*Asks:* 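My questions will all concern the structure given below.
Side chains included, hydrogens not; waters and symmetry mates left out as well; all remaining heavy atoms used. In each ligand, atom 1 is the first atom listed, and ligand 1 is the first ligand listed. Values in this document were obtained by computation on a predicted structure and should not be read as measured data.
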Amino acid sequence: MGISGARQGTCSLPDPELRARVAACYAGARPFARGYVRHKLRLDPVHAALLELAGPRGFGEVLDLGCGRGQTGVLLLLAGAARRVHGIERNRAWLAEANAAAAPLGFVATLADLATMPALPPADTVLLIDVLYQFETPAQIALLGAAAAAARRRVVIRSMDATAGLRGALTRFGETALRHLWPGSRRRINPLPITRLTSAFAAAGWTITVTSCAAAMAPANMLIVAERTGAAATALL
Ligand SMILES: C[S@@+](CC[C@H](N)C(=O)[O-])C[C@H]1O[C@@H](n2cnc3c(N)ncnc32)[C@H](O)[C@@H]1O
């Protein structure tokens, strides 16, 4: 497993025109949702990291698990980095906001609890951004297996490295604070060690990279990219 350079401080979405185009898709949403999307795009390094990862080839068909309000899918579609995005989300109001913003772009919305889905629909790229740590440990392992089985090319995960000393403690503290601020937004904060998340992929021969994808409020956030290579391209986890 390669752990490459940090992204911290370089990765808020730098293109103001693209940020404005994503925000414009939420023009009909509630003021809180509009503000949330604007700030999220400006402050969270994950968006630029995903666009960089998608590269000129793009992500193809994307399955965005726990898509929330769907701003990541909107961004990928507007940037031409995804052909289609299927978002699965258990929060009915957030999914409705995602659907209203993104359906005209090719976004498909499914209201479902990922903890009760035995299998996931296939996609080229499966995203699990800030979702896994909200599940109990066996459910995280099951969801990783389902994501791997669904992914034709890659699985992209962001989770926090809770073993990262002070950075890990600060990130966990921030997530716990958000949980209290927005009851219902996070059921639990249960980050597994990054190696626990990558081990099944590694054992199945996938190529794994782990990079820092940190922001000031979440300094231990890591981006894990697991890609099928060689024999793993046909052998599912
Ligand atoms: C921290 S938010 C991240 C949202 C989105 N991935 C993003 O990057 O903006 C976590 C999301 O996962 C969703 N989620 C958590 N547990 C879920 C479950 N069991 N089934 C479906 N969605 C779930 C939450 O409702 C929330 O929208």
*Asks:* Output the distance between atom CG (Leu127) and atom CZ (Phe59), rounded to the nearest 0.5 Å.
*Replies:* 6.0 Å

*Asks:* Using the test side-chain contact (heavy atoms from CB on, under 4.5 Å), find all partners of Ala112 that sit at least two apart in sequence or belong to another chain.
*Replies:* Ile88, Thr110, Met117

*Asks:* Name the option, out of Arg90, Arg92, Arg158, that contains the heavy atom nearest to atom 17 (C) of ligand 1.
*Replies:* Arg90

*Asks:* Does ligand 1 have any atom that is closer than 4.0 Å to a heavy atom of Lys40?
*Replies:* yes

*Asks:* Hey, does Ile88 come in under 3.5 Å of ligand 1, counting only N/O atoms on both sides?
*Replies:* no

*Asks:* Is Arg69 close enough and on-axis enough to Tyr26, meaning under 6.0 Å and within 45°, for cation-pi?
*Replies:* no

*Asks:* If we set the cut-off at 4.0 Å for heavy atoms, which region of Val131 has an atom near ligand 1: side chain, backbone, both, or neither?
*Replies:* side chain

*Asks:* Do other residues, nucleotides or ligands put more than 12 heavy atoms under 6.0 Å from Arg196 CZ?
*Replies:* no

*Asks:* At a 4.0 Å cut-off, with the gap strictly under it, does some heavy atom of Gln71 reach an atom of ligand 1?
*Replies:* yes

*Asks:* For a 4.5 angstrom cut-off between non-hydrogen side-chain atoms, does Asp44 reach Arg158?
*Replies:* yes

*Asks:* Got an N/O contact under 3.5 Å between Trp94 and ligand 1?
*Replies:* no

*Asks:* Measuring from the heavy atoms of Ala112, does anything fall under 4.0 Å of ligand 1?
*Replies:* yes

*Asks:* What about Cys67: any of its N or O atoms under 3.5 Å from an N or O on ligand 1?
*Replies:* no

*Asks:* Do any N/O atoms on Leu65 end up under 3.5 angstrom from N/O atoms on ligand 1?
*Replies:* no

*Asks:* What are the two closest heavy atoms between Pro104 and Ala101, and how far apart are they?
*Replies:* CD-O, 4.0 Å

*Asks:* Would Asp130 count as a polar contact of ligand 1, with the cut-off being nitrogen or oxygen pairs under 3.5 Å?
*Replies:* no

*Asks:* Kindly give the heavy-atom pair with the smallest separation between Pro191 and Ala162, and that separation in Å.
*Replies:* CG-CB, 3.5 Å

*Asks:* Atoms of ligand 1 less than 4.0 Å from Asp113 heavy atoms?
*Replies:* 18 (C), 19 (N), 20 (N)

*Asks:* Which ligand 1 atoms are under 4.0 Å away from a heavy-atom of Phe135?
*Replies:* 16 (N), 17 (C), 18 (C), 19 (N)

*Asks:* Between Asp113 and Arg90, does any NZ, NE, NH1 or NH2 come within less than 4.0 Å of an OD or OE carboxylate oxygen?
*Replies:* no

*Asks:* May I ask you to check if ligand 1 and Thr72 share an N or O to N or O distance below 3.5 Å?
*Replies:* no

*Asks:* Hydrophobic clusters join Ile, Leu, Val, Met, Phe, Trp and Tyr when side-chain heavy atoms are under 4.5 Å apart, directly or via other members; which others share one with Leu95?
*Replies:* Leu111

*Asks:* Hey, which atoms in ligand 1 end up nearer than 4.0 Å to a heavy atom of Gly68?
*Replies:* 27 (O)

*Asks:* Provide the number and element of each atom of ligand 1 under 4.0 Å from a heavy atom of Gln134.
*Replies:* 1 (C), 10 (C), 15 (C)

*Asks:* Between Arg57 and Asp124, does at least one N-O distance fall below 4.0 Å, as a salt bridge requires?
*Replies:* no

